[in-house]
Novice: 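Please find one structure pasted underneath; my questions will follow.
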2 protein chains.
Amino acid sequence: MSEDGGAADPALLQDALRGFVRAFGLHQPESTPCGQAIPVSEAHALGELAQEGELRQVELARRLRLQKSTVSRLVGQLTARGWVERAPAPDDGRGVVLRLTSSGQKAAHNLADARREKFSRLLDAIPPHEREGVLHALGVLTEALDE
Amino acid sequence: MSEDGGAADPALLQDALRGFVRAFGLHQPESTPCGQAIPVSEAHALGELAQEGELRQVELARRLRLQKSTVSRLVGQLTARGWVERAPAPDDGRGVVLRLTSSGQKAAHNLADARREKFSRLLDAIPPHEREGVLHALGVLTEALDE
DNA sequence: CGACATGGTTCGACGGTACAACCAGATGGT
DNA sequence: ACCATCTGGTTGTACCGTCGAACCATGTCG
């Protein structure tokens, strides 16, 4: 168990990640994480749509790393709420283009506010001199996971 | 670098975390993450039990940050697999003490191996000079979440 | 034009969690 | 001793969230 930087124990990484996952509550369905009455998966979709303006359904699936069947249902829920409109893709007869309704934009805005509030509090809880390191580390970790 | 001491954008943290969560696949039920045919919530419980030897059910709930009803069901699944035994608590007529069966210990061992293998690969994908920083950052983040 | 690939939908299944109602054993005050 | 209350567990119900497979419609390529 030498702790030279290059041969760190996988168990340490495991423990660190496990602790983080539990503390973040990621293993529970995380109902409405931000005070808004909106399931978390819908929030993810809403965020992507708000950011992109228009999105092909298949592209949304790619970004959320979900199956097309899952996304189909998800979009169904969002349209049921009146937040998203499905339109036929102009360049592909099979495709569906998603767009936020004005009501959906409003919801996305509220959500963004609540989320910013939440993360702002989290950020405050991190010692200032650690913040940059945490951001950097998350990037590194995500990159490593993508291999 | 400098400049962000206290005024770092929460949006950066949010993006970083969102990317990490999706890349890690934490928003999907994560069936048998390690090749073992075992649901992830059972794996968590198994890990705790393997580490502690004996555990009161209520204590397991506390560690996993789950409701007692959820844990009751979870333990039921594990006993159905023959991995866990429920025994009445000696000092409290209501309580239940959980212990791994020998079969359960074997399963926990296999699981630990697979998990170590997985995290070892992840660790390999992190540039050596970043590893220490990543571990540290996860700790900081978990601590911040606990407030 | 036929074989195959791709985008979507629907169906059925399962994992995972919470809350509420309920029971039984523990606790503490009067 | 007694009753109110607390606590650990179990069970029922409901919901979120995901997947795979079957299916249809459209595109694409030889």
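Excluded from the calculations below are hydrogen atoms, water molecules and symmetry mates; all remaining heavy atoms, backbone and side chain alike, are included. Just so it is clear, the structure is predicted and the values come from calculations on it, not from any experiment. Below, read A as the first sequence line, B as the second, and so on, with proteins coming before strands; counting in each chain starts at 1.
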Novice: Grab the NZ-P distance between K68(A) and dA21(D) for me, whole Å please.
Specialist: 12 Å
Novice: I need the CG-P distance between L64(B) and dA18(C), as an integer number of Å.
Specialist: 11 Å
Novice: Counting only side-chain heavy atoms from C-beta out, which of dC16(D), dG8(C), dT26(D) sits nearest to D92(A)?
Specialist: dT26(D)
Novice: Does S41(B) place a side-chain N or O at less than 4.0 Å from the phosphate oxygens OP1/OP2 of dG15(C)?
Specialist: no
Novice: Name the nucleic acid region contacted by R73(B), choosing base, sugar-phosphate or nothing; use a 4.0 angstrom heavy-atom cut-off, strictly under.
Specialist: base
Novice: Nearest 0.5 angstrom please: K68(A) NZ to L60(A) CG, how far?
Specialist: 15.0 Å
Novice: Do L46(A) and V58(A) belong to the same hydrophobic cluster, where Ile, Leu, Val, Met, Phe, Trp and Tyr are linked whenever their side-chain heavy atoms lie under 4.5 Å apart, directly or via other members?
Specialist: no
Novice: Could you tell me the separation between the CG atom of L46(A) and the C1' atom of dC16(D), rounded to a whole number of Å?
Specialist: 17 Å
Novice: By nearest heavy atom, map R94(A) and L74(A) onto DNA chain D; which one lands nearer the 5' end?
Specialist: L74(A)
Novice: Nearest whole angstrom, please: distance from the C1' of dG15(C) to the CZ of R81(B).
Specialist: 11 Å
Novice: Under 4.0 Å between any heavy atoms, over every strand shown, what does T70(B) touch: base, sugar-phosphate, or nothing? Just pick one.
Specialist: base
Novice: Expressed as a whole number of angstroms, how long is the span from D91(B):CG to dG25(C):C1'?
Specialist: 12 Å
Novice: Taking everything shown except E143(A) itself, do over 12 heavy atoms lie less than 6.0 Å from its CD?
Specialist: no
Novice: Any side-chain N or O of S72(A) under 4.0 Å from OP1/OP2 of dT9(C)?
Specialist: yes
Novice: Measuring from L17(A):CG to F119(B):CZ, what's the distance to the nearest 0.5 Å?
Specialist: 5.0 Å
Novice: Send over the distance from R56(B) CZ to dG25(C) C1', rounded to a whole Å.
Specialist: 11 Å
Novice: Surrounding CZ of R56(A) (heavy atoms of other residues, nucleotides or ligands, distance under 6.0 Å), is the total greater than 12?
Specialist: yes
Novice: Give the rounded distance in Å between these two atoms: CD of Q67(B) and P of dC19(C).
Specialist: 5 Å
Novice: Is a donor-acceptor contact shorter than 3.5 angstrom present between the side chain of S69(B) and the base of dC19(C)?
Specialist: yes
Novice: With a non-hydrogen cut-off below 4.0 angstrom, is R86(A) in contact with a base, only sugar-phosphate, or nothing?
Specialist: sugar-phosphate
Novice: Report the distance from atom CG of L66(B) to atom P of dG9(D), rounded to the nearest whole Å.
Specialist: 14 Å
